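Remember, it's a predicted structure, so these values are computed and weren't measured experimentally.
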Protein chains: 2
Amino acid sequence: MAARYIEIKKSIQDDILSHRYQLGEKIPSERELAVQYGVTRVTLQKAMHILEQEGFIERIHGKGMYVTKVIEDNVYMLNSGTGDSILGFSREFGQQAKITSQLVQHEQIQVPQWVAQQLEMQPEQRVHFIRRIRLIDGVPVLVEDSWINSDVIETIPGSVLEHGSLYEYIEKYTGKKIKFYNSVIEGDLFNEELAALLSISEGLPMLKVSGVTKLEDGKAFNFSCSYNRADKFKIKNSWVGK
Amino acid sequence: MAARYIEIKKSIQDDILSHRYQLGEKIPSERELAVQYGVTRVTLQKAMHILEQEGFIERIHGKGMYVTKVIEDNVYMLNSGTGDSILGFSREFGQQAKITSQLVQHEQIQVPQWVAQQLEMQPEQRVHFIRRIRLIDGVPVLVEDSWINSDVIETIPGSVLEHGSLYEYIEKYTGKKIKFYNSVIEGDLFNEELAALLSISEGLPMLKVSGVTKLEDGKAFNFSCSYNRADKFKIKNSWVGK
DNA sequence: TAGTGGTCTAGACCACCTG
DNA sequence: AGGTGGTCTAGACCACTAG
């Protein structure tokens, strides 16, 4: 049973995405919506603040709430700090395009020093190292490397890496929700190795996103690093100043 | 008079930055802090949720709140969706390094079509076009282009562009706070023109950040686009999944 | 003046973690 | 069992926008 404000947020998000509320249109006031959904204003506000932060609406003091005029784009958006999940490629894009994965490498290794630091592990412990290529409609667009604490997940079925969502599997396997922390975005150029994996030229621009993933109990279990073709991806960064 | 939860947030942030709360240390419970600050838990939670989102603390259900172990970096961080402001380069970096600006161009022009769209302007209206170079300790690190609706700000003193914060000036001039919306991060390569401005080689990697700035009454007044040397900047993206 | 979002109170109950 | 964060109620007053 999800929290009420999450349900309300999703309900209104649906109303926006399905154009029941038109772009730029004023939506009902907090007090009206609170009555509609049978909650207090405080609860309704929690939902609306999330919608604002994710860029669906604008809240203007004294005037009301308006559906944001959205500009469509011909590149794929990596949602960063917004949307229901940065948690896995397939969840984000599964609905708008045909996503496939190609497993390049999967082995258990002793944890590299810099990974051990990120995951708060001891040097003798082991991690899964996983390298996958993601394809949109058959075109390879990014390489993703993951280091996953073997103590959290002993075995990872090949079928999950090839066709499923790793994060979904982990949430089911552990029974815990996932949190992202401190992800970092960098720009760089594709080197020979990565370019070869994507069948592109060395020296093309890349967006690199790396970060630690934790379980809701605070346990860090994954360090991941994705190398994205900069001509295929933008990162949306909806944010509202204070 | 700022809101109480903003004051509390800043107070605890100071306690963390000054190491009165050590890295990784557990901080007092919500109920304790609420008493300390003389507010209810709801108000205190608003402060703590912001600190969590900005990456200062981790909140773990049933256990408590902990100061995040921070990894220091030898590159400059552009805060994106976090910190007190993405609002202007000088505010972000003024304390850790010597920031200077170099005004390359400033003229009033008829609003270009794509800018008019972003700022909801008519084709015959005018904008300030401003191109500045930013230097850290004397080294040029980024180019920033801004298009500012002339109806919002008629004149912009040269001294502001050379030495001050444009956003601070606008907040003072209009008497309104500033909001950012829908900023987008892209990766690209420096072309000849931009590379020349920074005295670097063409083809080096770049992080491009663009977005619209609005006043708190919803009025869009500025479209800006910054071209950052990818070897000098990372973008921190503190975020907590739901 | 009426309506809107922004903030805050003083409680309550639940879900989770640890001893 | 006791402490922690997560959610929610039913109010209240303030600040801002509009006609």
Side-chain angles (χ1 to χ4, degrees), chain A residues 1-10 12 25-53 56-68 171 174-179 181 214-219 240-242, chain B residues 1-10 12 21 25-53 56-68 171 174-179 214-219 240-242:
Chain A
M1 179 60 178
R4 193 80 183 95
Y5 74 89
I6 296 288
E7 294 174 351
I8 294 170
K9 180 259 179 182
K10 284 180 179 159
I12 295 175
E25 186 187 339
K26 184 172 179 176
I27 65 184
S29 72
E30 290 183 353
R31 288 165 176 83
E32 273 183 74
L33 289 171
V35 171
Q36 271 186 39
Y37 284 99
V39 295
T40 58
R41 263 184 78 207
V42 182
T43 302
L44 190 104
Q45 281 174 332
K46 282 192 79 163
M48 305 317 280
H49 281 131
I50 295 173
L51 286 171
E52 181 185 39
Q53 198 183 0
F56 289 102
I57 64 168
E58 295 184 28
R59 296 163 63 80
I60 302 175
H61 194 170
K63 290 168 89 170
M65 303 184 285
Y66 299 83
V67 179
T68 304
E171 285 188 350
T174 63
K176 297 177 193 299
K177 290 281 177 193
I178 284 174
K179 284 189 176 185
Y181 280 103
K214 300 191 179 187
L215 299 174
E216 58 184 341
D217 62 6
K219 173 77 176 173
V240 180
K242 279 169 290 296
Chain B
M1 179 58 178
R4 195 75 183 97
Y5 73 89
I6 296 287
E7 294 175 350
I8 295 169
K9 180 258 177 184
K10 285 179 177 159
I12 296 176
Y21 295 131
E25 186 186 339
K26 184 172 179 177
I27 64 183
S29 72
E30 291 183 351
R31 287 164 177 86
E32 274 183 75
L33 289 171
V35 171
Q36 271 188 37
Y37 284 99
V39 295
T40 57
R41 262 183 78 207
V42 182
T43 301
L44 189 104
Q45 280 174 332
K46 282 192 77 163
M48 305 317 281
H49 281 131
I50 295 173
L51 286 172
E52 181 184 38
Q53 199 184 1
F56 289 102
I57 63 168
E58 296 184 25
R59 296 164 63 80
I60 302 175
H61 194 170
K63 290 170 87 170
M65 301 184 289
Y66 299 83
V67 178
T68 304
E171 284 188 350
T174 64
K176 297 178 194 297
K177 291 280 176 194
I178 284 173
K179 284 189 177 185
K214 300 190 178 188
L215 299 173
E216 58 185 341
D217 62 5
K219 174 78 175 173
V240 181
K242 280 170 292 294

Could you give the [atom1]-to-[atom2] distance, from [X] to [N], as a whole number of Å?
X     : N     : atom1 : atom2 : value
A/L51 : C/dG5 : CG    : P     : 13 Å
A/L33 : C/dT4 : CG    : P     : 10 Å
B/Y5  : C/dG5 : OH    : C1'   : 12 Å

Span of DNA chain D in contact with chain A (heavy atoms, under 4.0 Å):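 Contact span on the strand: D/dT7 to D/dA18.
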Watson-Crick and G-U pairing of DNA chain D written in dot-bracket, each distance under 3.5 angstrom, with | for inter-strand partners: ||||||||||||||||||.
Charged N-O contact under 4.0 Å between B/E7 and B/R4: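 Salt bridge present between B/E7 and B/R4.
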NZ/NE/NH1/NH2 to OD/OE distance under 4.0 Å, B/E58 and A/K179: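 A/K179 and B/E58: not salt-bridged.
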Derivation and outcome, side-chain contact (heavy atoms from CB on, under 4.5 Å), residues B/K214 and A/I60: CA-CA 11 Å; B/K214 300 190 178 188; A/I60 302 175; over 6 Å; no
A/Q45 vs A/R59 side-chain heavy atoms within contact, under 4.5 Å: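 Yes - at least one pair of side-chain heavy atoms lies under 4.5 Å apart.
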Rounded distance [0.5 Å steps], CD1 in A/I57 versus CD1 in A/I27: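 Taking CD1 in A/I57 and CD1 in A/I27, the distance rounds to 5.0 Å.
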Closest non-hydrogen atom pair between A/Q36 and A/P28, with its separation: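 Shortest heavy-atom separation between A/Q36 and A/P28 comes out as NE2-CG, 4.4 Å.
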Heavy-atom closest pair, residues B/D217 and B/K176: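 Here B/D217 and B/K176 meet closest at OD2-CE, 3.3 Å.
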CA sep, side-chain torsions, deciding dist, call: B/L33, B/I12, side-chain contact (heavy atoms from CB on, under 4.5 Å): CA-CA 10 Å; B/L33 289 171; B/I12 296 176; 4.3 Å; yes
Residue A/S29, side-chain heavy atoms: nucleotide from C/dG5, C/dC16, C/dC17 that is nearest: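 Minimum distance to the A/S29 side chain belongs to C/dG5.
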Closest-nucleotide 5' rank along DNA chain D - winner of B/D217 and B/H49: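 Between the two, 5'-proximity favours B/H49.
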Given DNA chain D, 5'-ward residue of the pair A/V42 and A/K63, judged by closest heavy atom: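 Nearest-nucleotide comparison on DNA chain D picks A/V42.
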side-chain hydrogen bond (donor to acceptor under 3.5 Å, both in side chains) against A/Y37, all qualifying residues, sequence neighbours excluded: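 Expected list: A/S11.
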Base, sugar-phosphate, or nothing: which does [X] touch, judged by heavy atoms less than 4.0 Å apart?
X      : result
A/M65  : sugar-phosphate
A/G218 : nothing
B/R31  : base
A/E216 : nothing
A/R41  : base

5' priority, DNA chain C, between A/Q45 and A/G64 [closest heavy atom]: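 Result of the comparison: A/G64.
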